[in-house]
Amino acid sequence: MTRVYGTGLFDFRRHRVAEYPVAEKVETKPGATLPSTITLSDIQRDRLTKIAEANWLTAGDPDRPKNPFDPELVKKIYETELLVKEGHKPVPLQRVMILEVSQYLENYLWPNFDQETATFEHVMSMILMVNEKFRENVTAWECFYDRKEIFKGFLEKVLRLKEGRELCIAEKTNYLVFMINTFQSLEDEVVSMTVLRLASLKSWYCLSYGRFQTELCLNPSLIKKWKRMVRKEPLKEGNSYPSANLEVTFLRNLFEEFLEILDSQVFPQRQLAGDNEVIDTVNLESVDDACVLYCERFTEFLIDLLSQLPTRRYLRPLVADVAVVAKCHLSALYRHEKGKLFAQLVDLLQFYEKFEINDHTGTQLTDHEVLESHYSHLQSFQLLAFKRIEKLRELALTNIGSIHKRADLSKKLSVLSPEELRDMVCCKLKLVSQEDPWSERVDFLIEVMVSFFEKQQSQKDAINSLPLYPNELIMWDESVVPSINYTGEGCLALPKLNLQFLTLHDYLLRNFNLFRLESTYEIREDIQEAVPHLLAHINSEGETAFRGWSRMAVPIKEFKITEVKQPNIGEVKPSSVTAEVTFSISSYRAQIRSEWNSLKEHDVLFLLSIRPSFEPLSAEEEVKASVPQRLGLQFVRGCEIIEVRDEEGTLMNDFTGRIKRDEWKPPKGELRTITVALDTAQYYMDVNNIAENGAEDVYGAFNILMRRKPKENNFKAILDSIRDLMNEYCIVPKWLENIFLGYGDPSAAQWTNMPDLLETVDFKDTFLDADHLIESFSDYEVSFVNPDATESLKPKPPFRIKLPRTLKANSGALPGNIVSTTDKMNDRNGLDAGHLKEKLVVETYTPPDPGPYPQDQPKQNSVRFTPTQVGAIISGIQPGLTMVVGPPGTGKTDTAVQILNVLYHNCPSQRTLIITHSNQALNDLFEKIMQRDVPARYLLRLGQGEQELATDLDFSRQGRVNAMLVRRLELLSEVERLARSLQLPEDVGYTCETAGYFWLIHVYSRWEQFLAACAQNKDKPSFVQDRFPFKEFFSDTPHQLFSGESFEKDLRAATGCFRHLKTMFQELEECRAFELLKSTADRANYLMTKQAKIVAMTCTHAALKRKDFLQLGFKYDNLLMEESAQILEIETFIPMLLQRQEDGHARLKRCILIGDHHQLPPVVKNMAFQKYSHMDQSLFTRFVRLGIPYIELNAQGRARPSIAKLYNWRYRDLGDLPSVKEEAIYYRANAGFSYDYQLVDVPDYLGKGETTPSPWFYQNEGEAEYVVSVYIYMRLLGYPANKISILTTYNGQKLLIRDVVSRRCVPYDFIGPPSKITTVDKFQGQQNDFILLSLVRTRFVGHLRDVRRLVVAMSRARLGLYVFCRRSLFEQCYELQPTFQLLLKRPDRLALNLNEISSYTERHVEDTGPIHLVSGIDEMSSIIQELYQAQMLKHQYEQNNLHFSHAAPSLDTNEVNHEHQNSDGLAEENEPLENNTEDVPMSDGHVTEDAPPESKPEDADMVDGDASTPNGAASTLDS
């Protein structure tokens, strides 16, 4: 079998957690001491590390004296270590990494920076360090904040760095990368103030005079602005512009530098014979790769500037004036094979230059406006040609349709002489300057003309003609879908998701392209994994045959296209293309057969054409060959299932209702025929290619059908949804649009700035008592009044509050860059401001009697919300955008549920949509809503996860329909009982309709008569008891209804009874639709679109089913999104648009986003999309970066306060709830351990630290053995296994720990596996009492440098956290300092209390007791062995006592184990240990990376053989 890189059993790359890889093979500079495989000891021996220790390194020994700052040292380091004089890379990556890790910038360059005296080398070194931080994706500007004015000076110095100095090509590239990074950081105030002026109106001083005039004519509003600017800065005599001004010269100089490099330095041997000579790119062998990289980076820089409005507005005329795109198109590099990426970037630049937007107003141009503009340009040109240019008379008189294509226009212009052409382009049309040296070239002038006048394909048409499925050409194009080893050193032809977007169309387009390419990458990985197992070869007949088999791919027996429908009007591609595929499942075993048999409508499959080479590739050929060549892969096409039939032609898996349930039969035979819909756009392109170029018939060559895992295969529906949005006149609510695109006032959508506020809010059960309310509004003087406006002396909830529009309080939302200082302010102003407090009037009222039965009583909230949570609830129930940041353990789910509860009661007619990222979070939210006073009939849960809801009721559509039908029968029988009690015929309870008439005629009329009589007999205490008309019906109440002693009390009870009846008939009215609608589908759709008030689903389900929601007329007023910092930007956006617009207006009134941007972002598998395109940036995080105010919950109730300190520095002012200080479980120590948290330094084990058995698959055997030893120690003490989780930062280590656990723990019942063994990323959103954490790395810190991962890792434990890592590596990482400084205040060897031999202790958490420091893994093993033997002796002693006292029969070994476990309290809470294996899929040494996800019960098969008995346990426990 041909070994294919990136596939097969042992390739672990696919599901690794993304991070920047460190190249194992390092190009070392002459004189450098760095070996090719770099380890921590190598770094410590390296001369740079020695210099760092002597001059700036603080880790290890901070008190050691350091040498004074020496500018010559900076110069020497720069020239010998950082400056690249030859080669294509702009920086020596390994040297930069060593310096950056040693905090060269933070501890040496920045503290000693002075704007006046800083040398060129000093500034350039700082630029390289900042660039490296961006490449590593860690915060770059944070260390500069301590001296903001000097930071501004540094940026000014950078902007003037090139003045009077010539930089080498590597320095120019690094400088350009720094500028790209600054323009990507416009949320930083200092950065944006400094760099935005480079793209201001002043830059127009360097426009050619003709272009300048044209631009001012097109935008008359700028004339006044220009005049004002000139008056402020008068020109010196003889100068046309203030030449010393940075704003004027900066971009112009960059353009000139780029064009010079592009024209004369990319091909060093190129000699131009004449200006008009066309270069033969094939003969240009020698290419300067460093110059190519510079050109690519410059194009990226221009794309970035043109794709955000603040920089685009004044820059686009400059780009057009210099004709950058035309010059790039004509450059030799554009057509050279090494310029492929450059050419793609130039095309992207051209797209943004011509983008359909009004640059000055920011409004998107419609297709009609674009067409009108195009026609008016051409008509003006024709008029000019008719009047002034005799030779173009024919062009002037021809119809527009015959000249707006490139070829036609070029041909018509060819009649002009070079001088005439130049005169027309430069003088008459003023498209380029006469002084431009390129204006002598005819091909350049024609290119400028054609690109200006040719008709552009509309963006809408372009997107509609794009195939949704990837093909083989795009799949292996490295510049568009990069492989896993993207290091961030180069750029890519990809759009970026940053802060701002030009228009909604631009936003959707970028997301569409990235989502499409990310799914392409995943499909590519699946193909590379499935195909090699088929063992394709050429048989004796010269045809492709397959020796092997693959779970996900099957050979095709027959493929035929059955129907190609005519195109729709105005289109050229067919309206649909249908095909049939036949294959056999005979070679599969039962489980895999069932997987193929479960294929259903709308599933996506891939058709592959495999044709391997006749002779196996030689080793040399294999190295050079591309992946498709090695696989023998010719074509890849996607398709969507329409229907599946078995061998007899019977329909399988039909969900449309064509086959009735009782007619269903199991599938017959082994042949399956699937009818599929092919992509019509791709089919049209293929057929055209066959007709025009004589290409091979793709559709006659397919021989493999491939499927994918259902959960990973929903990309097409999401792409369809995005494309549909692009074709609609898509509008988000007006109040959200500008903020959404990243412009305007960040607080414009705050509730205090919105119209239609709820002036008085009924808070229901939000406040537990009056004191709770007073605490929540500490900035106000609260006065309680009764409904009649008299003062309330003993106020009790519920409360109604009239909210002031400018609500003060520490619960107010603050922009992301402002630190809360409320507590300090309150402390300072508490005394003198007391008398100035505003008054807040709170109305207390007695709620009406809900009814006489227990089920009538409303469910009450028991959570004592903090003032900040109350602020979030107030903001959430008001219209507008509410953003709530919920740090770990701060009760964001409780807050969300209370918002829903209060919203339901204050706006009962409105409907709310709940969206979460995971089914688990949705179910948690739903289960809590069930405990609030929201009727179950108004709740609906859509999607696949409703089965996992831990409730007795079924909240799926089908479950709710069934519940309504059952409820209808219950209510109708109650109506019959009521009729009997009133001596009326029982047939009134026959249907909901007859019950409705009964209510009006008999029930409501009797109540009205009773009320009228009561009004006249208020003085008779027993009147209600005697005359209540429904007394017999309510005779079965658990308590006596009426006392006959108080008229008021009895009337209140009677009103409660009537409320019960009213609710009953109201429910029946709601059931009536289910009586009229007969089909299950109609009933379910009615429930979703009309009945349900709170509808919940995951973001994926929303994207998949958007089309269905629109068709059904789904409507909602409020959107609440949990986990919104974990959801991809586009998957957050789609749920806002699941309903049709009403008269051009969006119905959405509230958008509540709850998340935590300090924890991990959405998962993006491809590194390039994650790091280069920022695809992992959620909408929530972008809003925070834009400075949109958010409310940050500030009291955690999960972890011990000491553990919370490890991560609470990341938040504004995160404190603790009283419960974590007062409850015994939090102040008692962890038995057997001296400390509740500790960092344990793990040295090399058996001479090794971290290892990488395959790329990016990191393992550390020492840490794995140590962690498992500590786990065994805890189990022997009696800690329950389900209270312990083992986490790590890499998948490789996760699998290694599972191996060690399966070897050392699983065979012994009294130890068993822990609750979970998983990665930090997978454990986000979960928690456990005790966490053992392995950080794995010993060379470079790796992706833990992302502080968000650190926050997640530190915040999972409630009571105990033990971190196993290499101290010397992690203690010097700048980003992790606040956490590791705390960890390192304690010993870095594991501190045990060996006097405690059970899991219970009365010792206080701050009392360490006698400390025993464990020297390492070997000593830990001996401690376990001693503890085990002590436990066994104790166990045998108890067994003997038991034997002599009861004369019990002897137990076999397994029974002994269980007895041992129970008698010694090793499994607390009497939980069987078998349950603890639930989430831990174990592996042997040959596990593939496709190990099943952690949360499935079937993953419990961890042990292959029989479990050993404890007799030999001691030897294995410490092995």
task: Cation-pi check, Arg1147 to Phe1114: give yes when NZ or CZ is under 6.0 Å from the six-membered ring centre and within 45° of the ring axis, no otherwise.
output: no
query: Does some side-chain heavy atom of Thr882 sit less than 4.5 Å from a side-chain heavy atom of Leu1153?
result: no
- prompt: If every non-hydrogen atom of Ala1146 is compared with every non-hydrogen atom of Val732, which pair is closest and at what distance?
  reply: CB-C, 4.2 Å
Sub-6.0 Å ring centroid separation between Phe740 and Phe1133: yes
field: Residues Leu922, Arg941; criterion side chain to side chain contact (heavy atoms under 4.5 Å, CB included); working and verdict
entry: CA-CA 9 Å; Leu922 196 54; Arg941 163 79 166 83; 3.4 Å; yes
message: Can a side-chain donor-acceptor contact be found between Thr868 and Asn1194 if the only test is distance below 3.5 angstrom?
response: yes
message: Keeping Ser875 on the side-chain end and Gly871 on the backbone end, is there a donor-acceptor pair under 3.5 Å?
response: no
query: Say you draw a straight line from NE2 of His917 to OG1 of Thr1098; how long is it, rounded to the nearest 0.5 Å?
result: 9.0 Å
query: Is it true that a side-chain atom of Gln500 and a backbone atom of Leu186 form a donor plus acceptor pair closer than 3.5 Å?
result: no
query: In Å, rounded to the nearest 0.5 Å, how long is the span from CG of Leu509 to CG of Leu725?
result: 12.5 Å
- request: Using modelled atom types only, decide if a donor and an acceptor are shared between the side chain of Asn753 and the backbone of Ala749 within a distance under 3.5 Å.
  value: no
- request: Name the orientation class of the two ring planes belonging to His1157 and Phe1180 (parallel below 30°, tilted from 30 to 60°, perpendicular beyond 60°).
  value: tilted
message: We want to know whether Thr790 and Asn786 form a side-chain donor-acceptor pair, criterion being a heavy-atom distance below 3.5 angstrom.
response: yes
- request: Please tell me if the side chains of Asn1118 and Leu913 come closer than 4.5 Å, counting only heavy atoms from C-beta onward.
  value: no
task: Salt-bridge test for Glu775 and Arg864: reply yes if a basic N is under 4.0 Å from a carboxylate O, no otherwise.
output: yes
query: So, are Glu1069 and Lys1062 salt-bridged, with charged N and O less than 4.0 Å apart?
result: no
task: Decide yes or no on side chain to side chain contact (heavy atoms under 4.5 Å, CB included) for Arg723 and Phe512, but give the supporting numbers first.
output: CA-CA 8 Å; Arg723 187 152 77 175; Phe512 177 86; 4.2 Å; yes
- request: Mark yes when over 12 heavy atoms from residues, nucleotides or ligands other than Asp756 sit less than 6.0 Å from its CG; otherwise mark no.
  value: no
Side-chain (Asn906) to main-chain (Asp762) donor-acceptor, under 3.5 angstrom: yes
statement: Heavy-atom nearest pair, Ala1103 first then Ser721, reads O-OG, 2.7 Å
- prompt: Going by the angle between their ring planes, with limits at 30° and 60°, are Trp999 and Phe1058 parallel, tilted or perpendicular?
  reply: parallel
query: Of all residues at least two apart in sequence or in a different chain, which pass the salt bridge (Lys or Arg N to Asp or Glu O under 4.0 Å) check with Lys928?
result: Asp894
message: For the NZ atom on Lys1105, are there more than 12 heavy atoms of other groups (residues, nucleotides or ligands in this structure) within a distance under 6.0 Å?
response: no
query: To the nearest 0.5 Å, how far apart are CE in Met883 and OG in Ser1124?
result: 7.0 Å
query: Salt bridge or not for Asp1117 and Arg911, using N-O below 4.0 Å?
result: no
message: Using side chain to side chain contact (heavy atoms under 4.5 Å, CB included), reason through Leu1193 and Val884 one step at a time and then give a plain yes or no.
response: CA-CA 7 Å; Leu1193 305 183; Val884 181; 3.9 Å; yes
Closest heavy-atom pair and its distance - Thr866, Ala1195: CG2-CB, 4.0 Å
query: Which atom pair, heavy atoms only, marks the closest approach of Tyr780 to Leu840?
result: CB-CB, 3.8 Å
message: Are Val782 and Leu773 packed together at the side-chain level, in the sense that at least one heavy-atom pair is separated by less than 4.5 angstrom?
response: yes
task: With rounding to the nearest 0.5 Å, note down the distance linking NE2 in His1101 to OG1 in Thr916.
output: 11.5 Å
Non-hydrogen side-chain atoms of Met1121 and Pro1135 separated by less than 4.5 Å: yes
task: Kindly write out the residues that satisfy side chain to side chain contact (heavy atoms under 4.5 Å, CB included) with Asp359, not counting sequence neighbours, or none if the list is empty.
output: Arg312, Arg316, Ile357
field: Distance-minimising heavy-atom pair for Tyr1116 and Leu1137
entry: OH-N, 3.5 Å
field: Flag side-chain contact, heavy atom, 4.5 Å: Glu369 against Asn358
entry: no
field: Donor on one side chain, acceptor on other, Thr890 and Gln1196, under 3.5 Å
entry: no
- prompt: Can Arg960 be said to sit on top of Tyr938's aromatic six-ring, NZ or CZ under 6.0 Å from centre and within 45° of the ring axis?
  reply: no
message: Main chain of Leu758, side chain of Gln878: is a donor-acceptor contact present, judged purely on distance under 3.5 Å?
response: yes
task: Please assess Arg1106 against Glu728 for the test salt bridge (Lys or Arg N to Asp or Glu O under 4.0 Å), listing each intermediate value before the final yes or no.
output: CA-CA 13 Å; Arg1106 180 177 181 270; Glu728 291 170 19; 3.0 Å; yes
- prompt: CD1/Ile722 to CE/Met726 distance, rounded to the nearest 0.5 angstrom?
  reply: 8.5 Å
task: Taking the side chain as every heavy atom from C-beta outward, state whether Arg1185 and Gln1177 have any pair of such atoms under 4.5 Å apart.
output: yes
- prompt: Quick check: does any side chain N or O of Glu1122 sit under 3.5 Å from a backbone N or O of Ile915, one acting as donor and the other as acceptor?
  reply: no
- line: Interatomic distance, OG1@Thr844 vs CD@Glu791, rounded to 0.5 Å, equals 12.0 Å
field: Which atom of Leu502 lies closest to which atom of Arg510, heavy atoms considered
entry: N-NH2, 4.3 Å
message: Is it the case that the side chains of Asn738 and Asp745 hold a donor-acceptor pair, with the cut-off being a distance below 3.5 Å and no angle test?
response: no
field: Side-chain donor/acceptor of Glu1123 to backbone N/O of Ser918, under 3.5 Å
entry: yes
All N/O donor-acceptor pairs, side-chain side in residues 929-936, below 3.5 Å, sequence neighbours left out:
residue: Arg932; atom: NE; partner: Gln898; partner atom: OE1; Å: 3.0
residue: Arg932; atom: NH2; partner: Asn861; partner atom: OD1; Å: 3.4

- prompt: Is the closest side-chain donor-acceptor distance between Thr361 and Thr363 under 3.5 Å?
  reply: yes
- prompt: Distance-only, no hydrogens or angles: does the Arg1083 side chain make a donor-acceptor pair with backbone N or O of Leu1077 under 3.5 Å?
  reply: yes
query: Checking Gln857 side chain against Pro850 main chain: does a donor-acceptor pair fall under 3.5 Å?
result: no
- request: Apply side chain to side chain contact (heavy atoms under 4.5 Å, CB included) to Val761 and Val902, showing your working.
  value: CA-CA 8 Å; Val761 176; Val902 178; 4.1 Å; yes
query: When the ring planes of Phe799 and Phe784 are compared, do they come out parallel, tilted or perpendicular, using 30° and 60° as the limits?
result: tilted
- request: Would you mind reporting whether Ile801 and Glu843 have side-chain heavy atoms less than 4.5 Å apart?
  value: no
Neighbour count above 12 (heavy atom, 6.0 Å) for Tyr845 OH: yes
query: Do side-chain atoms of Tyr1211 reach the backbone of His1158 as a donor and acceptor pair under 3.5 angstrom?
result: no
task: State, yes or no, whether a side-chain contact exists between Leu1087 and Phe1074 at a heavy-atom distance under 4.5 Å.
output: yes
